[in-house]
Trainee: 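After the structure tokens below, expect a handful of questions from me.
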There are 2 protein chains.
Amino acid sequence: MESSDNASNYSASKYRTPDGAPSDIVIFSITSTEKNTMKKALPIRELQILLIQRKGWPYAGQWALPGGFCNESESMYDCALRELQEETGVTDVHMEYFNVYSKPGRDPRGWIISHAFFALVHEKWLANRRADDDAADVRLFPVEEALQMDLAFDHREIVTDALGKIREKMLTTTIAKEFLPEEFTISELYQVIQTVVPDFEERNFIRKITSTQSRKGIIEEVLDRSGQPKQSNRYSQRAAQLYRFTDLTPQLSIYS
Amino acid sequence: MESSDNASNYSASKYRTPDGAPSDIVIFSITSTEKNTMKKALPIRELQILLIQRKGWPYAGQWALPGGFCNESESMYDCALRELQEETGVTDVHMEYFNVYSKPGRDPRGWIISHAFFALVHEKWLANRRADDDAADVRLFPVEEALQMDLAFDHREIVTDALGKIREKMLTTTIAKEFLPEEFTISELYQVIQTVVPDFEERNFIRKITSTQSRKGIIEEVLDRSGQPKQSNRYSQRAAQLYRFTDLTPQLSIYS
DNA sequence: TCGTAATGATATTGTCATATTAACATTATT
DNA sequence: AATAATGTTAATATGACAATATCATTACGA
């Protein structure tokens, strides 16, 4: 392939080339359901992913990740964005590439190398869609339930990897903000973290991120116009301080 | 593409498909040169990457990352391993996938989607090769120098990304071990970290990883047969304690 | 029915013994 | 001289619990 001298006598077609380079997207959302509309209380939250029921061959009838083939005129990221927009209607969300899936035989249609992304979509963006068409062929599944299902292709492996990735990112970056309103209480934040990372437990969580705030500074108190701390009693009798994320990205190190 | 019913009347060839799916590998190594053979002293270390001078079209004569096209019968990772083996002769090294490069027009040969890996190779493995053939068309460059060069394709972007990735990993995982002997002194470790992450500076580095060892436990003292602490005076008159990495992988979190 | 006191649920602060950190100075070894 | 390792000290952080604060809701007695 290195032997030609110019474009005209270069021929890639001498070689076997891939039959397609799709992107697949693991769309995460956290659903909230109120425990009891009578009382003030934190909602029950659950981590869910969006799946689509396949129509045609292969894996007809089975559930699969949304995704589709890339065009020559777009990058993989653009392709994934387009697919995300087509499936959910949302455009401005956090989406990250995380792995390639290329094991021979992974797709019966041929030599197809898939590029996996995960996206974090706030439930409020998906709400519209679910009202629009409650088509039974696109819906959210609790992630643990999805992992028990017989998904198409190697999509279970992809979901497993995505879940690992999002858990890692939840603890090491500020992606929690994607699942929270602009202003939130500490227990909302705590709850979101636990929804994604069930093992997470910190006794003195409030202490940790407020007292050490001077060092970390990843969140800050919200003040109202008059400079007074702004609070909310949406979830409790006693009002809780509201916080927001700063745009600081913490630098973690095992050697510090 | 979903409309067919079976394999026989499914045709991927109706669509434009990629002209190739190569892997490119950023091979990092740290070279050590003794300051002064008369005196005992820590060597000068430098982070380097391996580049190859291209022969044919396109970008003939320019330096590029090692890599090559994937076959249908192998995964991307296998492809990268094979290329790494072909270029350096080494087989058992730390290699990680980190990104895909798919911007339209990135390769004049056509629609070519490249998969980028980085590998960490101890200089002792590359030593043989450099003796073998001192061919001027494969050699190590200091990474900062490589970033100044006019590399082929989008390889400068790939190297930049790889450097960012390896710096992050150096601080958050134990990949430093790839650049160190099995048993090493604290200042060797410190020096390796600084070679990769020039900004890294910890006043009480020894304190950090020994006194807090109970909590982190990522390294441990090496003991000799009789249970006595094993030391080395390779770099100094006064013997230094030797350490080794445990197989513990630390869990970092911005919320703890 | 109305006013007031209890209750429940969550948020937040207090306490205190112990551990860790940062910065700098000093000593060890050969 | 060069590298390795320890000492000192004040400031800060941590962990585990106990104690308060807040206030919508509920209970209750007059």
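The sequence lines fix the lettering, A, B, ..., with proteins before strands; numbering per chain opens at 1.
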Trainee: Atom CZ of A/Phe205 to atom P of C/dT13: distance rounded to whole Å?
Mentor: 15 Å
Trainee: Give the rounded distance in Å between these two atoms: OH of A/Tyr235 and P of C/dG8.
Mentor: 24 Å
Trainee: If you restrict it to nitrogen or oxygen atoms, what contacts under 3.5 Å exist between nucleotides 18-20 of chain D and the protein, and what is each distance?
Mentor:
none

Trainee: What is the distance from CD of B/Gln231 to P of C/dA28, rounded to the nearest Å?
Mentor: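 Atom CD in B/Gln231 sits about 16 Å away from atom P in C/dA28.
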Trainee: Could I get the full list of salt bridge (charged side-chain N to carboxylate O under 4.0 Å, His left out) partners for A/Glu188, not counting sequence neighbours?
Mentor: A/Arg45, A/Arg234
Trainee: Between D/dA5, D/dC17, C/dT12, which nucleotide gets closest to the side-chain atoms of A/Arg207?
Mentor: D/dC17
Trainee: Quick one: list whatever passes ring-ring contact (aromatic ring centres under 6.0 Å, His included) with A/Phe141, sequence neighbours left out.
Mentor: A/Trp63
Trainee: Show every salt bridge (charged side-chain N to carboxylate O under 4.0 Å, His left out) that has at least one partner inside residues 172-187 of chain A, sequence neighbours left out.
Mentor: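 Output for this query lists A/Glu183-A/Lys230.
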Trainee: Can you list everything that forms a ring-ring contact (aromatic ring centres under 6.0 Å, His included) with B/Tyr97? Sequence neighbours excluded, please.
Mentor: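 Residues passing ring-ring contact (aromatic ring centres under 6.0 Å, His included) with B/Tyr97: B/Phe117.
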Trainee: Figure out the CD/P separation between A/Gln241 and D/dT22, and round it to whole Å.
Mentor: 14 Å
Trainee: Run the ring-ring contact (aromatic ring centres under 6.0 Å, His included) test against B/Phe28 and tell me which residues pass, sequence neighbours left out.
Mentor: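 B/Phe28 satisfies ring-ring contact (aromatic ring centres under 6.0 Å, His included) with no other residue.
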Trainee: Let me know the distance between CG of B/Leu189 and P of D/dA5, rounded to the nearest Å.
Mentor: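 Whole-Å distance recorded here is 13 Å.
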Trainee: Could I get the full list of side-chain contact (heavy atoms from CB on, under 4.5 Å) partners for A/Gln251, not counting sequence neighbours?
Mentor: none
Trainee: Starting from C1' on C/dT13, measure out to CD1 on A/Ile209 and report it in whole angstrom.
Mentor: 16 Å
Trainee: Could you tell me how far apart A/Tyr243 (OH) and C/dA11 (C1') are, to the nearest whole angstrom?
Mentor: 10 Å
Trainee: I'd like to check A/Glu83 versus A/Ile25 (side-chain heavy atoms, cut-off strictly below 4.5 Å). Are they in contact?
Mentor: yes
Trainee: Please tell me which of A/Asn204 and A/Ser236 maps to the more 5' nucleotide of DNA chain D, matching each residue to the nucleotide holding its nearest heavy atom.
Mentor: A/Asn204
Trainee: Taking the nucleotide of DNA chain C with the nearest heavy atom to each, does A/Thr185 or A/Gln237 sit closer to the 5' end?
Mentor: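 With A/Thr185 and A/Gln237 compared, the 5'-side residue is A/Gln237.
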Trainee: Out of D/dA5, C/dT10, C/dT12, which nucleotide sits closest to the side chain of B/Ala240?
Mentor: D/dA5
Trainee: Taking only residues two or more places apart in sequence or in another chain, which ones pass ring-ring contact (aromatic ring centres under 6.0 Å, His included) with B/Tyr101?
Mentor: none
Trainee: Whole Å only: how far is the CD atom of A/Glu202 from the C1' atom of D/dG15?
Mentor: 10 Å
Trainee: Using the C1' atoms of the five pairs at each end, what is the angle between the end axes of the helix from C/dT1-D/dA30 to C/dT30-D/dA1, to 10°?
Mentor: 20°
Trainee: Do B/Ser23 side-chain atoms and B/His115 backbone N/O form a donor-acceptor pair below 3.5 Å?
Mentor: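 Side chain of B/Ser23 to backbone of B/His115, a donor-acceptor pair under 3.5 Å: no, none is there.
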Trainee: Less than 4.0 angstrom between a side-chain N/O of B/Arg203 and OP1 or OP2 of C/dA23, yes or no?
Mentor: yes
